[in-house]
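Data first, discussion second: the structure below is written as structure tokens.
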Amino acid sequence: MTEESEIVMRLKLSRYHVKLFMLCLLLGSIPVGVIGIFSYVKSSSIIESKVLQGNDQLLHQTQIQLENTLKIIDFSIFQLVNAQPVSEVLQMPIQARDFPLVDKVLETLQRIQIYELGIRDIQLINIDQNWSISNKGYARLDEFTDANRLALFTSIDRPFKWLTETIAGKDGVLAQTNIYLVKRFPSYSAKPTALLVTQMSNQELFKVLPKSSELGSIIVLDEQGNIMATDLSSEFDTALRDSSLLQDVLQQAELKGYRVGEIGEEEYGFTFRKSSYNGWTYLSIVSLDSIKRESQAIGWATMWACLIILVLIVVLSLQGANKMYSPLRKLYQKTAVPGGDTAEGDPREPQDEFLVIERRMETMSQNNMHMTSHVQMLRHQLKPFMIFKLVQGELTGKEIKEQLQLFGYSQQFRWLAVVAVQIDTLEPTRYSESDRDLLLFAISNIVEETVPAEHRLNPVVIDQSQVTVISGNHESLDAFKDFMYETIKQVQKNVLTFLDLPVSAGISRPFKTYDLTSKAYAEGLDALKYRITKDTETILFIENEEPETQMVFFPEHLEKQLVEAVKFADDRRAHALLKEFLQILSNRELTHNQMQNWLMKLLMDLLYIPEQQDATLSSLDTNAIPLYLQLKRLNTLPEIELWFMQIVEPIIQSMDQSKEAPYHKISNEVIRIIQSEYDRELTLEECASRLNYHSSYIRRALKKSMNINFSDYLLAYRMDVAKKWLEETEMKIADMARKLQYNNPQNFIRYFKKSTGMTPGKYREVWLSENES
């Protein structure tokens with residue numbers, strides 16, 4: 001190694017060595033600094049909290065003591081009010097002969113004036129009689145009492161109230177506050193006739209207030225915010241009155257609290273309590289700066305302890321950096337190549353040791369990762385594509401074998417089957433139709449997590465289905481089917497748990513070679529088509545669902561009644577007939593194509609109604625998707641019923657709008673009479689009489705609105721009733737003829753055969769044979 005390389009090595013060493021030393025120093029010093037600061041702040045906050053807590057307790061005790069004294073005074077005054085001399089004197093204008101009673105009142109007043117309670121004077125004022133009695137004796141109000149003070153006493157708005165009166169000081173003397181307890185008589189009258197005024201002695205009342213101490217100074221405020229008692233200096237008292245802190249405390253809604261503010265250049269804490277008894281505010285003021293000064297000794301002790309620890313950390317950091325750098329020095333000497341990598345810029349500038357090692361390792365790692373990720377990406381993309389082509393039947397037998405071997409799929413199995421999963425409905429869920437594709441991919445992920453990898457190929461999404469090829473080595477076909485059923489049941493449960501979505505699955509016939517996958521895929525889709533007659537979340541095996549080919553007759557009479565109900569705009573009857581039609585459809589052994597053909601015929605006949613009546617169908621919304629495609633996508637009977645009602649309701653609305661209202665109303669009334677009284681002898685004249693119309697007008701209304709006459713409709717409806725009795729009851733032909741108002745059974749049989757092409761007995765026999773098959 002040349003001298004220049006050694007210089008570069010030393011430069012590199014010293015640079016990273018310093019970094020290690022700084023790292024060790026920071027790791028050691030940051031916790032020490034944080035702990036020191038935290039301990040100082042915490043101790044200061046604890047001292048402040050203890051002082052404020054003690055301050056609040058002292059304030060609370062002071063409030064309790066003072067209010068107990070006030071309540072004792074209040075109770076004594078209450079007893080005075082009930083004294084007999086006071087009650088008697090309030091009822092009379094005082095004359096010369098009444099002065100013995102006045103003496104008794106004075107004696108009663110003086111007996112209550114206990115100086116230790118702070119009572120200075122008690123004055124009984126009779127507003128109506130214009131006199132007052134106090135320690136000074138009897139006097140007229142207009143001669144003795146100050147008018148402003150009397151107005152203050154009479155202005156109280158409740159039975160008793162503690163009032164304060166501030167008297168301005170003179171020649172630098174602080175203002176003096178007089179405290180009064182005023183009770184009025186009667187207590188709850190809007191205009192009192194008498195007052196009992198008790199004047200308090202501030203010196204005796206507030207002697208319970210503690211003097212200034214480390215816990216602060218206590219101030220008592222009245223309801224208006226006037227200071228009644230304080231032990232503050234005159235300068236501080238003036239500064240406090242000039243500040244906005246008192247008003248801020250008085251405006252607070254809570255009964256107690258704590259505020260911080262500045263008076264002059266010093267910060268103070270204000271603890272306050274508001275009395276619910278008389279509205280007074282008790283305020284304690286403590287200097288926060290003095291509290292903080294007491295915690296400075298703790299701060300100095302903490303700082304010196306931290307400095308000593310930092311010196312030890314510096315020494316240990318130097319030793320630790322040397323030991324940590326030793327293995328790095330050896331690695332760098334083996335990795336660095338003279339004339340190799342240099343920093344960007346000046347090629348002679350030394351590089352960081354880790355940067356040189358990192359660049360050399362990155363070059364190798366990046367090349368390896370790039371190739372690996374590229375291959376993995378291609379395989380990940382090709383796997384679903386291969387499954388898609390397999391299901392669609394686009395791979396030959398040789399290609400299938402090669403592709404399965406390439407992607408690591410096992411070919412050791414006894415049974416194969418294709419499972420197609422579709423979403424039952426999105427109507428009651430939180431999803432919309434635009435979410436269907438994303439939901440199918442989410443279902444595919446759930447299938448991938450639920451079905452063990454050794455029993456399936458990669459799940460794929462094709463059109464509106466999620467498709468999975470499942471394999472198994474079960475001993476019997478029934479065991480393989482049970483395995484598929486339990487697996488798909490778990491898939492349904494997981495989809496319902498994570499997506500809150502019902503799904504159904506169609507399962508093909510089991511097969512043994514992959515070249516039959518496309519046929520099995522078609523069978524899985526065909527199996528799903530039979531869920532129209534099932535509930536949601538079904539699992540359908542194609543061999544269990546596909547019926548045998550047979551001749552099934554379309555319920556044409558029921559469809560005609562449904563079309564007729566729509567023409568007559570009978571919404572309720574149309575809905576009931578539609579339910580009956582779909583119930584017949586679900587109960588018969590029909591192939592899926594037969595079901596679709598029946599539903600399509602019903603759709604065509606319904607859509608032909610507006611054309612027959614020359615009515616417009618502008619309110620029908622097809623969502624820009626052909627109706628036959630919408631019908632094809634429906635999966636369950638409730639969906640089909642709801643969809644057909646969305647077709648029927650606009651048609652009924654259109655029919656209502658297109659028909660003439662009077663004719664339509666009259667025709668409906670006639671039809672109602674026929675349908676409810678078909679078993680009576682009905683005539684057009686009788687119906688006209690009941691509806692208060694002429695028979696020719698009824699005939700014209702039926703012709704215009706229904707294009708039918710009265711007798712033809714009555715005959716047709718009776719024939720429909722007869723068909724229903726033949727299908728649903730065992731009633732005799734003669735009884736039917738009698739109930740339908742025919743003179744003899746032969747006339748009934750002749751009309752029935754003319755209407756249906758067969759006798760009643762033959763019709764019942766044909767219907768029973770169809771139902772049994």
Side-chain angles (χ1 to χ4, degrees), residues 63 65-83 86 90 105-106 108-127 130-139 141-169 174-189 191-209 219-230 250 274-282:
Q63 179 186 356
Q65 292 177 3
L66 185 56
E67 287 188 359
N68 284 340
T69 302
L70 296 179
K71 290 177 181 178
I72 291 172
I73 296 172
D74 191 0
F75 181 75
S76 300
I77 299 303
F78 175 78
Q79 291 180 328
L80 177 62
V81 171
N82 295 324
V86 175
L90 288 175
V105 172
L106 285 172
T108 304
L109 296 179
Q110 291 171 358
R111 192 166 54 246
I112 297 298
Q113 297 181 37
I114 302 173
Y115 189 77
E116 287 75 8
L117 294 179
I119 299 176
R120 177 182 296 176
D121 187 16
I122 300 178
Q123 184 177 9
L124 180 62
I125 300 174
N126 194 321
I127 300 174
N130 195 30
W131 55 261
S132 70
I133 299 175
S134 65
N135 289 344
K136 298 178 181 181
Y138 169 81
L141 285 182
D142 50 4
E143 298 175 357
F144 183 78
T145 305
D146 181 62
N148 294 331
R149 186 174 299 172
L150 180 61
L152 175 66
F153 295 157
T154 56
S155 63
I156 63 173
D157 53 357
R158 42 186 189 264
F160 76 94
K161 189 173 183 181
W162 289 92
L163 298 177
T164 58
E165 179 186 31
T166 302
I167 301 175
L174 293 176
Q176 181 181 357
T177 302
N178 294 329
I179 302 174
Y180 301 93
L181 172 61
V182 181
K183 287 183 175 287
R184 65 183 187 182
F185 307 100
S187 297
Y188 295 97
S189 173
K191 295 183 63 178
T193 60
L195 300 173
L196 186 60
V197 180
T198 305
Q199 183 177 0
M200 312 304 300
S201 172
N202 291 18
Q203 181 178 1
E204 290 298 324
L205 184 63
F206 295 117
K207 66 181 180 181
V208 297
L209 296 181
I219 300 174
V220 182
L221 308 174
D222 62 7
E223 285 186 289
Q224 289 73 34
N226 300 316
I227 298 177
M228 297 186 294
T230 179
L250 292 172
K274 294 184 178 181
S275 173
S276 58
Y277 170 69
N278 55 11
W280 291 1
T281 302
Y282 300 84

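Just so it is clear, the structure is predicted and the values come from calculations on it, not from any experiment.
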Evaluate side chain to side chain contact (heavy atoms under 4.5 Å, CB included) for I122 paired with V197, printing each intermediate quantity in order. CA-CA 6 Å; I122 300 178; V197 180; over 6 Å; no
Please report the interatomic distance CD1(I72) to CG(N68), rounded to the nearest 0.5 Å.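 I72 CD1 to N68 CG: 6.5 Å, rounded to 0.5 Å.
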Within this structure, what is the NZ-NZ distance for the pair K161 and K183, rounded to the nearest 0.5 Å?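 Nearest 0.5 Å value for the NZ-NZ distance: 14.0 Å.
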Out of the candidates L195, T198, L196, only one should pair with V182 under the side chain to side chain contact (heavy atoms under 4.5 Å, CB included) rule; please name it.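 Option passing the side chain to side chain contact (heavy atoms under 4.5 Å, CB included) with V182: L195.
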Please lay out, stage by stage, how I73 and M200 fare under the test side chain to side chain contact (heavy atoms under 4.5 Å, CB included). CA-CA 10 Å; I73 296 172; M200 312 304 300; 2.8 Å; yes
Y180: ring pair (Phe, Tyr, Trp, His ring centres under 6.0 Å) partners, not counting sequence neighbours: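 Result, ring pair (Phe, Tyr, Trp, His ring centres under 6.0 Å) vs Y180: F153.
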Before giving the answer on side chain to side chain contact (heavy atoms under 4.5 Å, CB included), spell out for L221 and Y282 the whole-Å C-alpha distance, their side-chain angles and the decisive distance to 0.1 Å. CA-CA 6 Å; L221 308 174; Y282 300 84; over 6 Å; no
Ignoring hydrogens, what is the shortest heavy-atom contact between S132 and I125? Give both atom names and the distance.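 S132 and I125 have their closest heavy atoms at CB-CG1, 4.1 Å.
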Using the test side-chain hydrogen bond (donor to acceptor under 3.5 Å, both in side chains), find all partners of S275 that sit at least two apart in sequence or belong to another chain.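 S275: side-chain hydrogen bond (donor to acceptor under 3.5 Å, both in side chains) contacts with E67, N278.
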Can you classify the ring geometry of W162 versus W280 as parallel (below 30°), tilted (30 to 60°) or perpendicular (above 60°)?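 Ring orientation of W162 relative to W280: perpendicular.
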Side-chain touch V220/T281, heavy atoms, less than 4.5 angstrom: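 A side-chain contact under 4.5 Å is absent here.
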The test is side chain to side chain contact (heavy atoms under 4.5 Å, CB included); show your working for K71 and Y277 and say whether it passes. CA-CA 9 Å; K71 290 177 181 178; Y277 170 69; 3.9 Å; yes
